[in-house]
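Scroll down for the structure; my scribbles are underneath it.
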Amino acid sequence: MKKSPCVRFAPSPTGKLHLGGARTALFNWLYAKHNGGNFFLRIEDTDTERSKQEYTDQILNSLEWLGLKWSEPLIYQSKRNLIYKEEVQKLLDNGRAYRCFLTKEELQVAREKAKKEGGEFRAPKIYRDLSLDDQKGLINSGQSFTIRLKIPSKGSTFFEDKIYGKINVNNKEIDDFIIVRSNGSPTYNFTVVVDDNNMGINYVIRGEDHISNTPKQILIYSALNYPVPDFAHLPLILGSDKKRLSKRHGAASVEDFREQGYSVDALLNYIVMLGWNSGSEDELFSLEDLISKFDINKIQKKGAVYDEKKLHWVAGQHMIRKSEKNLLNEIREDDPNWQKHSKDTYIFSVLKLMKIRAKTLNELKEACAYFFSDPKDFDENAIIKRWKDKSVNKLINNFITSLEKLSNWSQKDLDESLRDTAQEMAVSAAKLIHPVRLAVSGQSHGPGLFELIELLGKMTTLRRLRKGLDIFPLKR
RNA sequence: GGCCCGUUCGUCUAGUGGUUAGGACUCCAGGUUUUCAUCCUGGCAACAGGAGUUCGAUUCUCCUACGGGCUACCA
């Protein structure tokens, strides 16, 4: 019987969670969800120099915001030194690793020499077969040492990547790499293997940048006699210059996208399309869709360039499809007091009118502003174009009079009232519509005028029209 | 430099030993609308190059070019 899949996301807290990391986490999570497995999280903080608690917090926070829940327990590598120590000892005991007394300086010299001579650098293997007594002698004399894995001098190491296919590396290409530093702390390649095994991870899904680490890690698996998991390497997310996406390319961290007001489903939807397709021509998915449709075999090998324009489009499509209730919830999640004084039913009507015109939550909030308070700024070009002179004041005045008499404040009656006024004054309806919109919203565009003022209500509309009468046309 | 990986419109991608090489975003032109957005219609635009295999290669093989990753007592 097949074991249920156990996958993990293993960020190192040396920066915020970026788009690439989010996608790796998402693919792992989707894989687990789709197959009824477990998704674990492990914080790789063995580099004490660069790891920061604030980054761990930020990563956890972003992951939570994205809704990618992980199974307990949450693992911190920094708390697992005992386990690593035990496993290193096994390697030392079974002769698959050795103490290396080379100093950093000696290594540096050897490296430079190799570079000058054009050869490739390998750590000199002079300590590889040192007797136990000699080792003790050096230790007692106070010599510090690292521990290196003994790489077989012959043969090759290969694996069947689920995305890239067979990858084969000659063992002589692999250096006897360090698994424990001279300060006693274990290194990445070693801790990953120990932890993945210990956590029961049977499917490793990670970035393509780890492809060349994989043979090294497989060598550790076999030295430790662990079962080797399956591997799938994901292509990288690139900037427009085809280089790995980073802050240089603008927004790159999940936090940035959140601040810009992108909603979670939109971001996740866009991210998943970078290097994956559903097999159909559909491009818009809910999270549930993704879980059911996700198929790791349909992942691309090529790195995908991040395109903000398309993200924006995806975001707009999600916005349109979302219910007003959900939209309000999302807005309030980041801005709990947003329009707290207004009735929900009114807010819903506003959102319904405006969501079609916005892509991000921020845009939406901004677009809705004049529904909640009288406009303070007025579009200059619109003033010049639509409210040229005093003749407009006359029109508006008549319209106000007509509105005051209106008994039924409905779209239909507003429409009729405006058209009647225009006809009486022998002008086209547009001559009246535009200045009314300007006075009422401060803008030259927006929803249909009659829906707009119907929603605004009689009092507000009249108040804003009268104010328009006061300040327009502009004096020069 | 060495090792590994990749290459279909500008971008995300579909696809096949014989297709008018399909879709989406962007852009452009129309339509709808009082305006904006939405929506609809149409358009521009790609198989990196060279050899080979083959009746026929975008598809298979090799080479080249280009791009990327790794090459740390980082992860």
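Just so we're clear, the structure is a prediction, and the values are computed from it rather than from any experiment. Here is the naming used below: chain letters follow the sequence lines, and residue numbers restart at 1 for every chain.
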Considering every strand shown, what is the Watson-Crick or G-U wobble mate of [N] when both distances are under 3.5 Å?
N: rG52(B); value: rC60(B)
N: rA37(B); value: none
N: rG6(B); value: rC66(B)
N: rU19(B); value: none

Expressed as a whole number of angstroms, how long is the span from [X]:[atom1] to [N]:[atom2]?
X: Arg357(A); N: rC36(B); atom1: CZ; atom2: C1'; answer: 6 Å
X: Ile237(A); N: rG67(B); atom1: CD1; atom2: C1'; answer: 17 Å
X: His312(A); N: rU38(B); atom1: NE2; atom2: P; answer: 11 Å
X: Glu451(A); N: rU34(B); atom1: CD; atom2: C1'; answer: 12 Å
X: Leu238(A); N: rU11(B); atom1: CG; atom2: P; answer: 11 Å
X: Arg206(A); N: rG69(B); atom1: CZ; atom2: C1'; answer: 13 Å
X: Phe177(A); N: rA72(B); atom1: CZ; atom2: P; answer: 13 Å
X: Asp307(A); N: rC9(B); atom1: CG; atom2: C1'; answer: 14 Å

Take atom [atom1] in [N] and the same atom in [M], then report the distance between them in whole Å.
N: rC44(B); M: rC3(B); atom1: P; result: 45 Å
N: rA46(B); M: rG52(B); atom1: P; result: 26 Å
N: rG49(B); M: rC12(B); atom1: C1'; result: 25 Å
N: rU16(B); M: rG2(B); atom1: P; result: 36 Å
N: rG31(B); M: rA14(B); atom1: P; result: 36 Å
N: rG15(B); M: rG23(B); atom1: P; result: 15 Å
N: rG50(B); M: rU41(B); atom1: P; result: 38 Å
N: rA24(B); M: rG18(B); atom1: P; result: 24 Å

Atom [atom1] of [X] with >12 non-hydrogen neighbours under 6.0 angstrom:
X: Lys125(A); atom1: NZ; value: yes
X: Phe158(A); atom1: CZ; value: no
X: Gln423(A); atom1: CD; value: no
X: Glu366(A); atom1: CD; value: no

Using a heavy-atom cut-off of under 4.0 Å over every strand shown, decide if [X] touches base, sugar-phosphate, or nothing.
X: Leu449(A); result: base
X: Thr46(A); result: sugar-phosphate
X: Thr146(A); result: base
X: Lys431(A); result: nothing
X: Ser156(A); result: nothing
X: Gln443(A); result: nothing
X: Ala429(A); result: nothing
X: Asn213(A); result: base
X: Leu452(A); result: nothing
X: Lys359(A); result: sugar-phosphate
X: Gly448(A); result: base
X: Pro447(A); result: base
X: Gln317(A); result: sugar-phosphate
X: His210(A); result: base

Minimum-distance pair of heavy atoms, taken over all atoms of Ile296(A) and Ile205(A): CD1-CD1, 3.6 Å
Between Tyr188(A) and His210(A), does the ring centroid distance fall short of 6.0 Å?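 Yes, they do, as the ring centres are separated by less than 6.0 Å.
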Candidate nucleotides [options], ranked by approach to the side chain of [X] - the nearest:
X: Glu173(A); options: rC70(B), rC3(B), rU8(B); answer: rC3(B)
X: Glu283(A); options: rA75(B), rA24(B), rC12(B); answer: rA24(B)
X: Lys242(A); options: rU11(B), rU38(B), rU13(B); answer: rU11(B)
X: Asn189(A); options: rU34(B), rA75(B), rA24(B); answer: rA75(B)
X: Ala430(A); options: rU34(B), rA75(B), rU13(B); answer: rU34(B)
X: Arg111(A); options: rA75(B), rC73(B), rG15(B); answer: rC73(B)
X: Phe121(A); options: rA75(B), rU34(B), rA72(B); answer: rA72(B)
X: Leu236(A); options: rG68(B), rC39(B), rA24(B); answer: rG68(B)
X: Trp313(A); options: rC3(B), rU26(B), rA72(B); answer: rU26(B)
X: Ser182(A); options: rC73(B), rG15(B), rC5(B); answer: rC73(B)

Any [X] side-chain nitrogen or oxygen under 4.0 Å from OP1 or OP2 of [N]:
X: Lys302(A); N: rA48(B); result: no
X: Asn277(A); N: rU13(B); result: no
X: Arg244(A); N: rC70(B); result: yes

Are Phe27(A) and Phe294(A) close enough, and set up right, to give a ring pair (Phe, Tyr, Trp, His ring centres under 6.0 Å), and what steps lead you there? CA-CA 8 Å; Phe27(A) 281 0; Phe294(A) 186 71; 5.4 Å; yes
Could you walk me through whether Phe145(A) and Tyr127(A) satisfy the ring pair (Phe, Tyr, Trp, His ring centres under 6.0 Å) test, starting with their C-alpha distance in whole Å, then the side-chain angles of each, then the deciding distance to 0.1 Å, before giving a yes or no? CA-CA 10 Å; Phe145(A) 59 89; Tyr127(A) 297 102; over 10 Å; no
Look at the rings of Tyr306(A) and Phe257(A) and say which category their plane angle falls in: under 30° parallel, 30 to 60° tilted, over 60° perpendicular. perpendicular
Can you label the angle between the Trp387(A) ring and the Phe472(A) ring as parallel, tilted or perpendicular, going by 30° and 60°? tilted
